[in-house]
Amino acid sequence: MSTFTHHHVSCLACRAPFEIDLIKSMHITRLPEVRRDIVEGRSQRFACPRCGHLHDVVNRTIYTDFDHQQYIAVEPTLPADWREARALHERIFDESFTFGPPVAEELGLGMRRRLVFGFDALREKVRLWDADLDDRVVEWLKGVHQEALGLSPTDELWRLSAVLPGGHLMFARVTPPPIVGPETELIQRSQLLGHHTVLRDDYERGLRDVSRANQDFPWLADDWCVDLFATAPRGLTPPG
Ligand SMILES: [Zn+2]
């Protein structure tokens, strides 16, 4: 089951108040329709009833899929220091699994754990695991291809938007979301800047030597937060 929380919010465009229900926790194993909404990008997206302005709505939630042994902690938006959120979620995980009853501990041992910021990031993780892709290699690919375009990892946010026939990866390039505290509930949607396609061969090359990801981008080494944009040092200058 999942639990919802009720919120009163104000439209960012016209200030009209309206009410929304947010997902508090998602045990996706029994909720295929919620999972489908996440993968298809319908989840946590609300239009203002007065002016129609579309908002991405974010809150702290935990996504668990016991069938696929996936545990994804979702923070609303990227805070000034992602490590604080990581410490919080490691503690929550330990309380639920590691220091829980033996059956929980065993369950926790097999879980793939991640921390993501925002529902687009959650969607990306679920999608790429569905496609049996290694997320560290995918993040490495973003960095390599951004460098080739003269971009630093924090200039744009790239999210996997589709796995094309032949296994080629298509990324959506969007404007970076604001860095704010966890109290924010309504945020302006990122603007789509374009798409970028990476060939399957490039992915295979990365997969043959996963350690390269950490060599090229040392901040990709974390075992909870595998996200080039979130963990890259801010203020890096673009290459060349
Ligand atoms: Zn409005």
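In listed order, ligands and their atoms are each counted from 1. Just so it is clear, the values below take in all heavy atoms, side chains as well, and ignore hydrogens, waters and symmetry mates.
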query = Can you list the residues that meet the salt bridge (Lys or Arg N to Asp or Glu O under 4.0 Å) rule with Asp135, with sequence neighbours excluded?
reply = Arg114, Lys125
Residue pairs involving residues 97-133 (criterion ring-ring contact (aromatic ring centres under 6.0 Å, His included); sequence neighbours excluded) = Tyr71-Phe97, Phe93-Phe97
inquiry  = Strictly distance-based, threshold 3.5 Å: is any side-chain N or O of Tyr63 a donor or acceptor partner for the main-chain N or O of Val126?
reply    = no
ask   = With distance as the sole test, does Thr154 use its side chain to make a donor-acceptor pair with the main-chain N or O of Phe229 at under 3.5 Å?
value = no
query = side-chain hydrogen bond (donor to acceptor under 3.5 Å, both in side chains): which pairs involve residues 136-145, sequence neighbours left out?
reply = Glu124-Lys142, Glu139-Lys142, Trp140-Asp216, His145-His196, His145-Asp202
inquiry  = Is it the case that the side chains of Glu156 and Trp158 hold a donor-acceptor pair, with the cut-off being a distance below 3.5 Å and no angle test?
reply    = yes
task = Can you check the number of protein N/O/S atoms within less than 2.8 Å of the Zn ion (ligand 1)?
result = 4
